[in-house]
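Below is one structure; the comments refer to it alone.
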2 protein chains.
Amino acid sequence: MEAKEFKEFAKAMADYVAEYLENIRDRQVVPSVKPGYLRPLIPEQAPVKPEPWTAVMDDIERVIMSGVTHWHSPRFFAYFPTANSYPSIVADMLSGAIACIGFSWIASPACTELEVVMMDWLGQMIGLPDEFLARSGGEAGGVIQGTASEATLVALLGAKSRTMHRVKEEHPEWTEYQILSKLVGYCNSQAHSSVERAGLLGGVQLRTLKPDDKRRLRGETLQEAIDEDIRKGLIPFYVVATLGTTSSCAFDALDEIGDVCNSNNVWLHIDAAYAGSAFICPEYRYLMKGVEKADSFNFNPHKWMLVNFDCSAMWLKQPRWIVDAFNVDPLYLKHDQQGSAPDYRHWQIPLGRRFRSLKLWFVMRLYGVENLQKFIRKHIALAHYFEKLCLGDERFELFEEVTMGLVCFRLKGSNENNEALLRRINGRGKIHLVPSKVDDVYFLRLAICSRFTEESDIDIAWKEVKASADEVLAEN
Amino acid sequence: MEAKEFKEFAKAMADYVAEYLENIRDRQVVPSVKPGYLRPLIPEQAPVKPEPWTAVMDDIERVIMSGVTHWHSPRFFAYFPTANSYPSIVADMLSGAIACIGFSWIASPACTELEVVMMDWLGQMIGLPDEFLARSGGEAGGVIQGTASEATLVALLGAKSRTMHRVKEEHPEWTEYQILSKLVGYCNSQAHSSVERAGLLGGVQLRTLKPDDKRRLRGETLQEAIDEDIRKGLIPFYVVATLGTTSSCAFDALDEIGDVCNSNNVWLHIDAAYAGSAFICPEYRYLMKGVEKADSFNFNPHKWMLVNFDCSAMWLKQPRWIVDAFNVDPLYLKHDQQGSAPDYRHWQIPLGRRFRSLKLWFVMRLYGVENLQKFIRKHIALAHYFEKLCLGDERFELFEEVTMGLVCFRLKGSNENNEALLRRINGRGKIHLVPSKVDDVYFLRLAICSRFTEESDIDIAWKEVKASADEVLAEN
């Protein structure tokens, strides 16, 4: 493909993308295809001769869009949001053109340095203490990971490395596997499934602890678990505090947990994957009280801050423990400036990495802090609007207090009724929700996801919920 | 940012990108900035008010390009290539607009299904046996990972899970940690550093074995190591065979290694990260003889097949062992069609994933197999052209036979002279190389990287090498 054709193709795609997003409200949010729908629509093998770009363009609706779940439809309320914005899409074009692999400083200084500074911008925006930021002049700083799962795993490896180091000094007679078998980490039983996976991956035990009646992990619960494990001869080394659980957006009691971690020499990682974006609004920072007691902090601008996937922001006070865990440094990756700027390959699991900070730069500049705050506040207001509609119908109850853009609600009464309600709502095909279950209580989750969602969409959502409830209850 | 502005911005960016790439030859390949260059060029904090897109556009040259290492310059010969093509950049625009997170089939059927079929197209293109492909009708199939490092780790977890399962049945009295401490994996000491990292991550021993005089791991060496470890009471469980080592592009004796793995019930993973793309040309498939004996196979279209990072292609005969290793299945991720299509979140480390198969689809269709083959053959021919120039100067010798697009060369004589040679070459700033060292022999690596590289660029590279050698030898 020549430059001339590329320009035509890219411009046609820009028009298509704008048309797609501006009219996304008109599309059916979840497609009605069955598994295996796509294979018969295209050839069995790659073509030998090149095709014109217009042929590819012509296939997008027929092959792709017919099977897409439209995450950016204002009627999509499932999971948590994933970000999508025009500035971010354009930034990715530039990233794709430069296409450097920023594993070390010299491999592309701009790639590393913009990331360092953008993570400082972002850290300041959400009110992180200076001791997490590169501008403080120490070793601390931020790094862009692919996902919160990776951040959880990277923090676990740092924690493991720091504790192994300490225990080896205290007990030189123990083998690596003996120590490993004693390590134990903790999280809320409501923490994201990736925390459990990080434990499986890292080969260490992770205990899930029972939260209080508001789904918050409390300091006292953690202290008891730690005491119990120490009595058994185990070595507590890692805690993940969740700010905004996936099921119901509950917030762990960070301030209490932080004290317990600090007094027990345990690495505290904060997973604020979804809710972290809200901290750009000062009125929500009370939820991260105690953040200064943590060793690492993570949230996903690719969820709720208009930066396209993947962009998971992580800050570390002592990245040296991660570097130590990955201490592999072949000659072909060495360079003269080592030590004077971070070599981010030591801060992450893969070696390769794209120029992702461009997305952050474009989004922060083209929206401005003010509009990013507006965006968050609007989503939270829409959630409260749905909450109000729900509470106005006495057949419904909330499962959890609404703090962010998520409403957890249910029909009063049996789980079966609520399962039927969900099936009915999704079956009608106008909106899309997913359920969750906590302590055997099944409930529905309505998450404000799209940047196109307006009050009128919430009205439609409520109409769908209400009509479905009418049907379900009429059948009882 | 409104749709109208987006279209203007995206189109201006398309023009900029085309201009950048078409004239990349004129840019200095490695920038002359020092660590810390970028911070003073931009404000200390994100702007409160939005800026116009033209302001961002104006900053690209000043802030970013002044510090970019131009990986797509035809004078960039460092590391291995990373891919970049116009069809791939346009595909990413569409992926960014759809911005679905394809962790399960229902989360976006098109995202999962195009990936399944594209991995079949790609597998056929490189001549993989049907038993790796989804179209064979069994559980086998392909998946796009972020990087080869992740593929190596995922395969290790599958191997660990399969072996743990077997050993637990044979020795129900052993604890998980007892088994873990006995597991041992193997690779060539020339294998990529990510293999060692996978071992560190997974908490298992990985032995690096000495290759033969052509840097190939041989079956006999592996068998001896396995025998020795079994005598010690260890449990061999995993082997990584490298097709195209990073240092010198050597190829392990796959056919021999495959036999040893199969007769010892050991998982064989093939890491063909760079060289795998060459298998689209039938004349290079002799290098993957024995591939049918492997359990998993991986190569990076994002390296040498014109698909932008990240797109690491992995095939598994028995994905069930990976699924087993990650067996975490919360309600909010369940759906009605589970089991009838792959839920790729079980095949990878992160939960989230972009719509990456679009890039493969666009590139395969807009180039056609024919032009992708031409691209590979041209790169290999350029490497042989440089090889010829080298061998025509009796002061030089090759460190390794040239098979792919990499030439490993050195001045006859001391390592010090070659270190001085590299410093001189890179210091002159016209071309960029990195060195390597194997068995204490230091050599220079010239990898054909850019799709813009022509014979005239190789002539310039050779002129630079020769002139630098003249200077170095004159000083002796």
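Owing to the predicted nature of the structure, the values given are computational and were not obtained by experimental measurement. So that the names make sense, note that chain A is the first sequence line, chain B the second, and so on, each numbered from 1.
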**Request:** Among the options A/Ala12, A/Gly96, A/Ala78, pick out the one with the most heavy-atom pairs lying under 4.5 Å from chain B.
**Result:** A/Gly96
**Item:** Engaged part of A/Ser149 at the chain B interface, taking heavy atoms whose separation is under 4.5 Å
**Value:** side chain
**Request:** Can you tell which part of B/Ile42 gets under 4.5 Å to a heavy atom of chain A, answering side chain, backbone, both or neither?
**Result:** side chain
**Item:** Short side-chain to backbone donor-acceptor contact, B/Glu113 and A/Tyr37, under 3.5 Å
**Value:** yes
**Item:** From CA spacing to verdict: salt bridge (Lys or Arg N to Asp or Glu O under 4.0 Å), A/Asp120, B/Arg39
**Value:** CA-CA 10 Å; A/Asp120 271 5; B/Arg39 193 182 283 270; 3.0 Å; yes
**Region of B/Lys4 in contact with chain A, defined by heavy-atom distances below 4.5 Å** = neither
**Side chain / backbone / both / neither for A/Trp53 at chain B, heavy atoms under 4.5 Å** = both
**Request:** Check whether B/Ser436 gets within reach of chain A through its side chain, its backbone, both or neither, counting any heavy atom under 4.5 Å.
**Result:** both
**Greatest number of heavy atom pairs closer than 4.5 Å to chain B - which of A/Leu372, A/Leu360, A/Ile349, A/Val204** = A/Ile349
**Asked** Do B/Pro109 and A/Pro31 have side-chain heavy atoms sitting under 4.5 Å apart?
**Response** yes
**Prompt:** Do A/Ile89 and B/Phe6 come within less than 4.5 Å of each other through their side chains, counting heavy atoms only?
**Reply:** yes
**Message:** Under a 4.5 Å cutoff for heavy-atom pairs, which residue among A/Ile24, A/Thr175, A/Val90 has the most contacts with chain B?
**Reply:** A/Val90
**Asked** Can you say whether A/Gln124 sits under 4.5 Å from chain B via the side chain, the backbone, both, or neither, judging by heavy atoms?
**Response** side chain
**Prompt:** Between A/Lys7 and B/Asp15, which heavy-atom pair has the shortest distance, and what is it?
**Reply:** CD-OD1, 2.9 Å
**Asked** Got B/Leu201 and A/Leu153 here, is their nearest side-chain heavy-atom distance under 4.5 Å?
**Response** yes
**Request:** For the pair B/Phe9 and A/Phe362, name the ring-plane relationship: parallel under 30°, tilted 30 to 60°, perpendicular over 60°.
**Result:** parallel
**Item:** Interface moiety of B/Gln205 toward chain A, non-hydrogen atoms closer than 4.5 Å
**Value:** both
**Item:** Interatomic spacing from CE in B/Met93 to CE in A/Met13 - rounded to 0.5 Å
**Value:** 7.0 Å
**Asked** Of the backbone (N, CA, C, O) and the side chain (C-beta and beyond), which part of A/Asn300 lies under 4.5 Å from a heavy atom of chain B, both, or neither?
**Response** neither
**Fill in**
Minimal heavy-atom distance between B/Pro35 and A/Ala341, with the atoms involved, is CB-CB, 4.3 Å
**Request:** With a 4.5 angstrom heavy-atom cut-off, could you sort out which part of A/Met125 is near chain B: side chain, backbone, both or neither?
**Result:** side chain
**Asked** Highest number of heavy-atom pairs under 4.5 Å with chain A: which of B/Tyr16, B/Tyr442, B/Trp361, B/Phe76?
**Response** B/Trp361
**Request:** Under the side chain to side chain contact (heavy atoms under 4.5 Å, CB included) rule, what do A/Arg354 and B/Asn308 come out as? Steps first, then yes or no, please.
**Result:** CA-CA 10 Å; A/Arg354 293 191 305 143; B/Asn308 272 65; over 6 Å; no
**Request:** Could you check which of A/Gly202, A/Gly146, A/Gly36 has the highest count of heavy-atom pairs closer than 4.5 Å to chain B?
**Result:** A/Gly36
**Item:** Contacting moiety of A/Pro52, where chain B heavy atoms sit under 4.5 Å
**Value:** backbone
**Fill in**
Honestly, the part of B/Val30 sitting under 4.5 Å from a heavy atom of chain A is side chain
**Asked** Is the backbone of A/Gly203 close enough, under 3.5 Å, to the side chain of B/Tyr177 for a donor and an acceptor to pair up by distance?
**Response** yes
**Request:** Side-chain contact test, heavy atoms from C-beta onward, threshold under 4.5 Å: evaluate it for B/Tyr86 versus A/Glu5 and give yes or no.
**Result:** no
**Prompt:** Taking B/Arg353, B/Met118, B/Arg445 one by one, which has the highest count of heavy-atom pairs under 4.5 Å against chain A?
**Reply:** B/Arg353
**Item:** Top contributor to chain A contacts, counting heavy-atom pairs under 4.5 Å, from B/Val434, B/Asp92, B/Asn84
**Value:** B/Asn84
**Request:** Below 4.5 Å from any heavy atom of chain B, which atoms of A/Gln45 appear? Answer side chain, backbone, both or neither.
**Result:** both
**Message:** What part of A/Leu157 gets within 4.5 angstrom of chain B, counting heavy atoms only: side chain, backbone, both, or neither?
**Reply:** side chain
**Request:** Under 4.5 Å, counting heavy-atom pairs only, tell me which of A/His302, A/Glu44, A/Glu150, A/Glu19 racks up the most with chain B.
**Result:** A/Glu44
**Request:** For residues A/Tyr20 and B/Leu94, determine if any side-chain heavy atom of one lies less than 4.5 Å from a side-chain heavy atom of the other.
**Result:** no
**Asked** What distance do A/Ile101 atom CD1 and B/Tyr79 atom OH have between them, rounded to the nearest 0.5 Å?
**Response** 11.0 Å
**Item:** A/Leu358 versus chain B, the contacting section by heavy-atom distance below 4.5 Å
**Value:** side chain
**Asked** Out of curiosity, B/Glu51 CD to A/Met364 CE, how far, rounded to the nearest 0.5 Å?
**Response** 11.5 Å
**Prompt:** Can you say whether B/Glu22 sits under 4.5 Å from chain A via the side chain, the backbone, both, or neither, judging by heavy atoms?
**Reply:** side chain
**SG on B/Cys100 to NE2 on A/His72, rounded to 0.5 Å** = 8.0 Å
**Asked** Mind checking whether A/Leu38 and B/Leu114 have side chains closer than 4.5 Å, heavy atoms only?
**Response** yes
**Item:** Options B/Phe355, B/Trp121, B/Trp105, B/Phe309, ranked by heavy-atom pairs under 4.5 Å with chain A, top entry
**Value:** B/Trp121
**Fill in**
Applying a strict 4.5 Å limit to non-hydrogen atoms, the region of B/Arg135 in contact with chain A is both
**Prompt:** Looking at A/Leu21, A/Val33, A/Asn371, which one has more heavy-atom pairs under 4.5 Å with chain B than the rest?
**Reply:** A/Val33
**Message:** With a 3.5 Å distance limit and no angle check, can you tell me whether A/Thr69 reaches the backbone of B/Ile106 through a side-chain donor-acceptor pair?
**Reply:** yes
**Asked** For chain A, which of B/Ala18, B/Ala10, B/Gly67 has the most heavy-atom pairs under 4.5 Å?
**Response** B/Gly67
**Message:** I'd like to check A/Pro47 versus B/Tyr367 (side-chain heavy atoms, cut-off strictly below 4.5 Å). Are they in contact?
**Reply:** no
**Item:** Pairwise side-chain contact, A/Leu366 with B/Pro50, heavy-atom cut-off 4.5 Å (strictly under)
**Value:** no
**Complete:** Applying a strict 4.5 Å limit to non-hydrogen atoms, the region of B/Ala91 in contact with chain A is neither
